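FYI, the numbering just counts along the sequence from 1. What you are looking at is a predicted structure, and each value in this text was computed from that prediction instead of being measured. Atoms considered below: every heavy atom in the structure, side chains included; atoms not considered: hydrogens, waters and symmetry mates.
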Amino acid sequence: MSTPKKVVVFDYGFGNIRSAERALARVGADVEITRDFDTAMNADGLLVPGVGAFSACMEGLKKARGEWIIGRRLSGGRPVMGICVGMQILFARGIEHGVESEGLDEWPGTVGPLKAPIVPHMGWNTVESPTGSTLFAGVDADARFYFVHSYAVHEWSLEVTNAAIRAPQVTWATHGERFVAAVENGPLWATQFHPEKSGDAGAQLLTNWIETL
C-alpha cells in the first residue's frame with residue numbers, strides 16, 4: 001500500500017480550513033493545517049483556501065509569508081491548489097468597491113464584480129471543462145459544483161508561445177456572464193467553486209489532484 005500524500009491546508013486566517021481538511025482526509029490524503037514555513041514548503045501538496053475580501057486575504061497571506069511559500073513552491077514545480085478567493089488572489093489584481101488591490105500575479109488578469117441578476121452567485125452550477133482535463137477526469141459533464149462568490153475573472157489572457165510548454169487548461173461557468181471556474185497550469189491548479197462542498201464530484205476533483213502529487 002502506498003504512503004498517503006502529505007497535504008498542507010495553509011492557515012492564514014481566511015478559508016474553510018476544517019471542511020477542506022475533512023474532504024482531503026476522506027479521499028486519502030495525510031492532511032495538516034498549518035502556517036509553518038518549512039512544513040508548507042516540504043508537503044507534497046499545498047492547498048490555499050480563501051473566503052471574504054480579496055484585499056483582506058492578500059493581507060493575511062503576506063502576514064503568514066504565504067506569497068513566499070507559494071512562489072518558491074511553484075518555482076520548484078511543487079503543486080499548489082487555490083480554492084475560491086484562494087484562486088482569485090493568484091491573479092494580478094482584484095477590484096472591490098472601486099478599490100484595486102495587488103494579487104500574487106501568477107496569472108495576468110483582474111478579479112472584478114460578477115454582473116448577474118442575483119449576486120452573490122450562491123449554490124450549485126455546472127461548468128465547461130476542456131477536453132483532456134486532468135482535474136475533471138472521471139467527472140460527468142453535467143456534474144454540479146458549489147459556488148459562493150460575488151467576484152470573478154471574466155477573461156483569460158495568458159498566452160503560451162513555447163510549443164514545448166503545455167498551455168493552461170481553463171474551465172468556465174456561467175452566472176449572468178461567463179467567468180473562469182477553474183485553471184490547470186503546470187503545478188498550479190485552482191477552482192472558483194468549493195470542491196470540499198461539492199459532494200462526489202468535488203471528491204473526484206480532489207482525488208485527481210492528489211494523484212498528481
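- Linking ILVMFWY side-chain heavy atoms closer than 4.5 Å, directly or via other members, places Leu205 and Val180 in two distinct hydrophobic clusters.
- With contacts defined as side-chain heavy-atom distances shorter than 4.5 Å, the pair Pro168/Leu158 qualifies.
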For a side-chain contact (heavy atoms from CB on, under 4.5 Å) check, start with the C-alpha distance between Val9 and Glu32, then their side-chain angles and the critical distance, and finish with the verdict. CA-CA 6 Å; Val9 177; Glu32 182 173 352; over 6 Å; no
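- Of the possible donor and acceptor atoms, none in the side chain of Thr110 sits under 3.5 Å from a partner among the backbone N and O of Gly112.
- With a 4.5 Å cut-off on side-chain heavy atoms, Ile89 and Phe54 count as touching.
- Formation of a donor-acceptor pair under 3.5 Å by the Asn125 side chain with backbone atoms of Thr174 is found in this model.
- With salt bridges taken as basic N to acidic carboxylate O contacts below 4.0 Å, none links Arg22 and Glu196.
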Assess the residue pair Met58 and Leu104 against the criterion (side-chain contact (heavy atoms from CB on, under 4.5 Å)); give the C-alpha distance rounded to whole Å, side-chain angles, the decisive distance to 0.1 Å, and a yes or no. CA-CA 8 Å; Met58 278 300 301; Leu104 295 177; 3.8 Å; yes
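- What you find for Val139 and Ala143 is that their closest heavy atoms are CG1-CB, 3.5 Å.
- Residues Cys84 and Gln192 have side chains in contact (heavy-atom distance under 4.5 Å, counting atoms from C-beta outward).
- A single hydrophobic cluster is not seen to contain both Val7 and Met87; linkage of ILVMFWY side chains at heavy-atom distances under 4.5 Å, directly or through other members, places them apart.
- A donor-acceptor contact shorter than 3.5 Å links the side chain of Gln169 to the backbone of Thr131.
- Of the inter-residue distances, the one linking Phe193 atom CZ with Arg144 atom CZ reads 13.0 Å to the nearest 0.5 angstrom.
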Atom pairs and distances, side-chain donor-acceptor, residues 69-77, under 3.5 Å, sequence neighbours left out:
from  : atom 1 : to    : atom 2 : distance (Å)
Arg73 : NE     : Pro79 : O      : 3.3
Arg73 : NH1    : Ala40 : O      : 2.9
Arg73 : NH1    : Met41 : O      : 3.0
Arg73 : NH1    : Ala43 : O      : 2.8
Arg73 : NH2    : Ala43 : O      : 3.2
Arg73 : NH2    : Asp44 : O      : 3.2
Arg73 : NH2    : Pro79 : O      : 2.9
Ser75 : OG     : Gly71 : O      : 3.4
Ser75 : OG     : Arg72 : O      : 2.8

Steps toward side-chain contact (heavy atoms from CB on, under 4.5 Å) verdict (Arg78, Leu46): CA-CA 8 Å; Arg78 307 294 304 281; Leu46 179 70; over 6 Å; no
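- We find that Glu102 and Arg93 are not joined by a salt bridge, their nearest charged nitrogen and carboxylate oxygen being 4.0 Å or further apart.
- Note that CG of Asp140 and OG1 of Thr126 are 12.5 Å apart. Values are rounded to the nearest 0.5 Å.
- Atom CD of Glu67 and atom CG of Asp105 lie 13.0 Å apart (nearest 0.5 Å).
- Under a hydrophobic-cluster definition in which Ile, Leu, Val, Met, Phe, Trp and Tyr are linked whenever side-chain heavy atoms come within less than 4.5 Å, directly or via other members, Ile83 and Val111 are assigned to different clusters.
- A donor-acceptor pair is defined here as one N or O able to donate and one able to accept, closer than 3.5 Å; such a pair exists between the side chain of Asp36 and the backbone of Thr39.
- Using a 4.5 Å heavy-atom threshold, the side chains of Met122 and Pro120 count as touching.
- Just one residue in the list Val183, Leu47, Leu135 forms a side-chain contact (heavy atoms from CB on, under 4.5 Å) with Trp189, and that residue is Leu135.
- For Pro108 against Ala92, the heavy-atom pair with the smallest separation is CA-CB, 4.3 Å.
- Annotation for His194 and Asn16: closest pair CE1-ND2, 3.5 Å, computed over non-hydrogen atoms.
- Applying the ring pair (Phe, Tyr, Trp, His ring centres under 6.0 Å) test to residues at least two apart or on different chains, the pairs with a partner in residues 100-139 are Phe91-Trp107, Trp107-Trp156, His121-Phe147, His121-His149, His121-His175, His121-Phe179, Trp124-Tyr146, Phe136-Phe145.
- Nearest heavy-atom pair across Ala64 and Phe10 is O-CZ, 3.6 Å.
- Between Thr34 and Asp11, the closest side-chain pair of non-hydrogen atoms is not below 4.5 Å.
- Looking at every heavy atom in both residues, Tyr12 comes nearest to Pro49 through OH-O, 2.6 Å.
- The list of side-chain hydrogen bond (donor to acceptor under 3.5 Å, both in side chains) pairs with a residue in residues 204-213, not counting sequence neighbours, reads Gln204-Asn208.
- Rounded to the nearest 0.5 angstrom, Ser55 OG and Ile95 CD1 are separated by 12.0 Å.
- A side-chain contact (heavy atoms from CB on, under 4.5 Å) with Val127 is found for one member of Asp142, Thr191, Thr171 and no other, namely Thr171.
- One hydrophobic cluster, built from ILVMFWY side chains closer than 4.5 Å, cannot hold both Leu114 and Val170; they sit in different ones.
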Residues Lys6, Val31; criterion side-chain contact (heavy atoms from CB on, under 4.5 Å); working and verdict: CA-CA 6 Å; Lys6 178 73 175 184; Val31 192; over 6 Å; no
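- No side-chain heavy atom of Asp30 sits less than 4.5 Å from a side-chain heavy atom of Leu24.
- Remark: side-chain polar atoms of Glu21 are not paired, donor with acceptor, to backbone N or O of Ile33 under 3.5 angstrom.
- Linking Ile, Leu, Val, Met, Phe, Trp and Tyr residues whenever their side-chain heavy atoms come within less than 4.5 Å leaves Val119 and Tyr151 in two separate clusters.
- In Glu128, the CD atom is crowded: over 12 heavy atoms of neighbouring residues, nucleotides or ligands sit closer than 6.0 Å.
- Closest approach of Cys57 and Val51 over heavy atoms only: SG-O, 3.3 Å.
- No donor-acceptor distance shorter than 3.5 angstrom exists from the side chain of Ser133 to the backbone of Pro130, with no hydrogens or angles considered.
- Taking the centre and axis of the six-membered ring of Phe37, the NZ or CZ atom of Arg65 falls inside the cone set by 45° and 6.0 Å.
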